[in-house]
Amino acid sequence: MSEPNTPRPHGREPAAPVDFIRQIINDDNRAGKHGGRVHTRFPPEPNGYLHIGHAKSICLNFGIAAEYGGRCNLRFDDTNPIKEEQEYIDSIKTDVRWLGFDWEDREFYASDYFEQLYEWARQLISDGKAFVCDLTGEQVREYRGTLTEPGKESPHRNRPAEENLDLFARMRAGEFADGSRTLRAKIDMAHPNLNMRDPVMYRILHAGHHRTGARWCIYPTYDWTHGQSDSMERITHSICTLEFENHRPLYDWYLRALGVYAPRQIEFARLNLTYTVMSKRKLLRLVQERRVSGWDDPRMPTLGGLRRRGFTPEAIRNFCARIGVAKTESTIDVQLLEHCVREHLNRVAPRAMAVLRPLKVVITNYPDDQVEQLEAINNPEDPAAGTREVPFSKVLYIERDDFMEAPPKKFFRLAPGREVRLRYAYFIRCDEAVKDPATGEVTELRCTYDPATRGGDAPDGRKVKATLHWVSARHAVAAEVRLYDHLFTQPDPETVPEGQDFTTTLNPASLEVLQGCRVEPGLAESGPAYRCQFERLGYFCVDPDSQPGRLVFNRTVTLKDTWAKIQKAER
RNA sequence: UGGGGAAUAGUGUAACGGCAGCACGACUGACUCUGGAUCAGUUAGUCUAGGUUCAAAUCCUAGUUCCCCAGCCA
């Protein structure tokens, strides 16, 4: 080992802090609970697309498995044929893989366990722990009681086991209409936890299932399925979100009643992010009401959306590692997510020059037809990324924001009479701003360059206060650039006046499409998902809409912008 | 009015009876051919009230606030 074993002057090195779930696992391992075995699972319902909240769970479950030398299963919780579709299964698999995790051959489906579940249900019936109930849905609700009052027992609760077995078999055989009967566990109608008031185990649903087809017309509920699925897969730690805490007694009850291996359910707080919504229901609404272009709209917190926006799996994994895991309900500042992408992209993204809102610059003392190839660094953070050549000529474009006719004190970019540097090129001085006589708008800058400053350094040692990015008008390639901002105008989109909902806080400026942008010629061939930094502007990636000759870029995130902050503060 | 949970800087998260630390943010400054990056620094916290203890974020008691549960959704 090259690392010297340095003694700590002040006693022991503090143990690396671990979250409460890893603490439980450590305790279990110390106690020899599963012989040191760690086996988790990520159990999505295939009824929607994965979002960054799922990423937290994926990173937790797969991450823990990896750290402890264990395994993590991918299991589709497909017990409700009405809402689930193959399309979602495919997208979920794509997303998990993209995030960087591998379930190897352990791709499971709750529906694969239907037969076993059915046999176990018969066992509970035989043990007098389950019964067929003829109450309608509405009646079941009435009989359940309320939060403060006990429920009433179903009149069918004490049917003989033989009759229950017969009825249950006929439920499966399709003799009864949807909703006409259920199989229920016989627990306690006065239990303070409503989940324990004779919960439904099976409902009749004459509906085709995406995997089992027409084989079943009764389907197990989540509660009756989940624990037993965990048990069959020998899961050691069944990690889920807080809202299932109330279900744990039932999870444990089923496993105990069956006398089978019992994993331990552990609940953690789901992820919330500022300036966005996370629930499947609300995301679905955004899609259905066309507030966004689809599930992979780059403004969506879905993994598909983030991917299209240009986020990297590394950045998302790092984000998930940093937010921690706890039981406190919390909302993470979206700036942390943005910090994580910037941090990663700063290290790996090649730099390029692109002008989003072009302002024409004519270098009056530059030879008309001359073109020079100037050397530019591809990534100052990564010398191995090398250099490239960018063409320079008499007519250029710079960013409109980089010129002001009457600059305020803290603005140190280009202005009449002022000298700045064009990155990797020359110092230029602005001699004149040509304006449209009708509108007063500046349409062109007439500047002179100092040939001695080629490459960007002045031999006489004089300094400039700003370095601008630019493109050569003749050589630049046109592009469309899509700028994104937060989807909502306030940190908590749900905080709305009485009678309104989260859609009223949608940010009307969350998407701005810029046409006629000019990017350096080296970008002409970049294909979808190509990520780079447009110097001084932010990180961008090529959208799938992009075509050769019709480039489309998405802005992933801006660079930190001190000038923008100054402007904002002065407003 | 039942049951189950949770409260630590602006936001997250550590500290497991012994100096309240870290990250993001915000704010200074240095440096800079990206107003980027980097570096240095500043800011700011234990829900409340009692109690136990030499010592409490941590243990005890009482309270406050917030979240979840009355799907044949998951």
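Below, read A as the first sequence line, B as the second, and so on, with proteins coming before strands; counting in each chain starts at 1.
Nucleic acid contact class of A/Glu267 (heavy atoms, under 4.0 Å, all strands): none. Here A/Phe411 lies in heavy-atom contact (under 4.0 Å) with a base. Nucleic acid contact for A/Arg351: base, since at least one base atom lies under 4.0 Å from a heavy atom of the residue. A/Pro380 comes within contact range of at least one nucleobase, with a heavy-atom separation under 4.0 Å. Within 4.0 Å of A/Gln533, counting heavy atoms only, lies at least one base atom of the nucleic acid. A/Glu45 comes within 4.0 angstrom of sugar-phosphate atoms only, judged by non-hydrogen atoms across all strands, and of no base. Contact annotation for A/Val325: backbone-only contact, meaning every heavy-atom pair under 4.0 Å involves sugar-phosphate atoms and none involves a base. At a threshold of 4.0 angstrom between heavy atoms, the contacts of A/Glu381 include nucleobase atoms, whether or not backbone atoms are also involved. The residue A/Tyr424 sits close to a base: some heavy atom pair falls under 4.0 Å. Nucleic acid contact for A/Asp457: base, since at least one base atom lies under 4.0 Å from a heavy atom of the residue. As judged by a 4.0 angstrom heavy-atom cut-off over every strand, A/Leu135 is placed among the base-contacting residues. Among the heavy atoms of the strands, none lies under 4.0 Å from A/Lys280. Looking at heavy-atom distances under 4.0 Å, A/Ile566 makes contact with a base. Among the heavy atoms of the strands lying under 4.0 Å from A/His247 is at least one base atom, whether or not backbone atoms are also near.
Between A/Arg357 and A/Glu399 there is no salt bridge, since no side-chain nitrogen of the basic residue lies less than 4.0 Å from a carboxylate oxygen of the acidic one. In summary, A/Arg536 and A/Asp402 engage in a salt bridge, as defined by a charged side-chain N under 4.0 Å from a carboxylate O. Between A/Arg159 and A/Asp134 there is a salt bridge, with a side-chain nitrogen of the basic residue lying less than 4.0 Å from a carboxylate oxygen of the acidic one. Note on A/Arg322 versus A/Glu343: salt bridge recorded, some NZ/NE/NH1/NH2 to OD/OE distance being below 4.0 Å. Under a 4.0 Å N-O distance rule, the pair A/Glu375/A/Arg388 does not qualify as a salt bridge.
With ring centers used as reference points, A/Phe76 lies 6.0 Å or more from A/Tyr88.
Comparing the same atom, C1', in B/rG45 and in B/rA14 gives a spacing of 13 Å after rounding to whole Å. Distance noted for atom C1' between B/rA56 and B/rC60: 11 Å (whole Å). Separation of the P atoms belonging to B/rG71 and B/rA9 is 36 Å when rounded to the nearest angstrom. Between B/rU11 and B/rG51, the two P atoms lie 30 Å apart (nearest whole Å). Distance check on atom C1': B/rU42 versus B/rU48 gives 31 Å, rounded to whole Å. Annotation: B/rC69 and B/rA62 have their P atoms spaced 28 Å apart (nearest Å). Distance check on atom C1': B/rA20 versus B/rA57 gives 8 Å, rounded to whole Å. For the C1' atoms, the distance linking B/rG5 with B/rG10 amounts to 25 Å, nearest Å.
Defined by atom type and a distance below 3.5 Å, a donor-acceptor pair is missing between the side-chain atoms of A/Tyr424 and A/Glu389. Defined by atom type and a distance below 3.5 Å, a donor-acceptor pair is present between the side-chain atoms of A/Thr241 and A/Glu243. Between the side chains of A/Gln228 and A/Tyr251, no donor N or O sits under 3.5 Å from an acceptor N or O.
The backbone N or O of A/Arg347 lies less than 3.5 Å from a partner atom in the side chain of A/Asn379, making a donor-acceptor pair. Checked by atom type and distance alone, the side chain of A/Asp78 pairs as donor or acceptor with a backbone atom of A/Ser111 at under 3.5 Å.
Base orientation of B/rG71: syn, the glycosidic angle falling within 90° of 0.
Distance, A/Arg30 CZ to B/rC16 C1': 12 Å, rounded to whole Å. One interatomic measurement links the two molecules: CZ of A/Phe131 to P of B/rC72, which rounds to 12 Å at whole-angstrom precision. Here the P atom of nucleotide B/rU38 and the CG atom of A/Asp382 are 15 Å apart, to the nearest Å. Distance, A/Asp188 CG to B/rG3 C1': 13 Å, rounded to whole Å. Atom pair A/Arg418:CZ and B/rG35:P shows a separation of 14 Å (rounding to whole Å applied). Rounded to an integer number of Å, the gap from A/Arg248 CZ to B/rC68 P is 18 Å. Residue A/Glu245 contributes atom CD, which lies 9 Å from atom C1' of B/rA6 at whole-angstrom precision.
A close approach under 4.0 Å does occur between a side-chain nitrogen or oxygen of A/Lys565 and OP1 or OP2 of B/rC27. For the OP1/OP2 pair of B/rC73 and a distance below 4.0 Å, the side-chain nitrogens and oxygens of A/Arg203 include at least one atom meeting the criterion. Checking the phosphate oxygens (OP1, OP2) of B/rC24, a side-chain nitrogen or oxygen of A/His339 falls inside 4.0 Å. The side chain of A/Thr79 places an N or O atom within less than 4.0 Å of a non-bridging phosphate oxygen (OP1 or OP2) of B/rA74. Side-chain nitrogen and oxygen atoms of A/Arg144 include at least one within less than 4.0 Å of the OP1 or OP2 phosphate oxygen of B/rG71. Close to B/rG35, at under 4.0 Å from its OP1 or OP2, lies no side-chain N or O of A/Lys465. Distances shorter than 4.0 Å separate some side-chain N or O of A/Arg141 from OP1 or OP2 on B/rG71. When the side-chain nitrogen and oxygen atoms of A/Thr562 are compared with OP1 and OP2 of B/rG36, one or more of them lie within a distance under 4.0 Å. Contact check, A/Gln139 against B/rA70: no side-chain N or O comes under 4.0 Å of OP1 or OP2.
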All N/O contacts under 3.5 Å from nucleotides 8-12 of chain B to the protein, with atom names and distances to one decimal?
residue: B/rU11; atom: O3'; partner: A/Thr331; partner atom: O; Å: 3.2
residue: B/rU11; atom: O2'; partner: A/Thr331; partner atom: O; Å: 3.0
residue: B/rG12; atom: OP1; partner: A/Thr331; partner atom: N; Å: 2.8
residue: B/rG12; atom: OP1; partner: A/Thr331; partner atom: O; Å: 3.4
residue: B/rG12; atom: O5'; partner: A/Thr331; partner atom: O; Å: 3.2
residue: B/rG12; atom: O2'; partner: A/Ile323; partner atom: O; Å: 3.2

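Considering CZ of A/Phe131 and NZ of A/Lys186, their distance stands at 7.0 Å, rounded to 0.5 Å.
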Q) If pairs are Watson-Crick or G-U with both distances under 3.5 Å, what is the dot-bracket string of RNA chain B, marking crossing pairs with [ ] and pairs to another strand with |? A) .((((((..((((....[..))))((((((.......))))))...(((((..]....))))))))))).....
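A side-chain hydrogen bond (donor to acceptor under 3.5 Å, both in side chains) with A/Arg462 holds for exactly one of A/Asp450, A/Thr453, A/Asp457; it is A/Asp450.
Within 3.5 Å, no donor on the side chain of A/Asn80 pairs with an acceptor on the base of B/rC73, nor the reverse. One can find a donor-acceptor pair under 3.5 Å joining the base of B/rG3 and the side-chain atoms of A/Asn246. The base of B/rG35 sits with one of its N or O atoms less than 3.5 Å from a complementary donor or acceptor on the side chain of A/Arg413.
Comparing A/Leu242 and A/Asp77 along RNA chain B, the residue whose closest nucleotide (by nearest heavy atom) sits nearer the 5' end is A/Leu242.
Both tests hold for A/Arg172 against A/Trp216: distance to the six-membered ring centre under 6.0 Å, angle to the ring axis within 45°.
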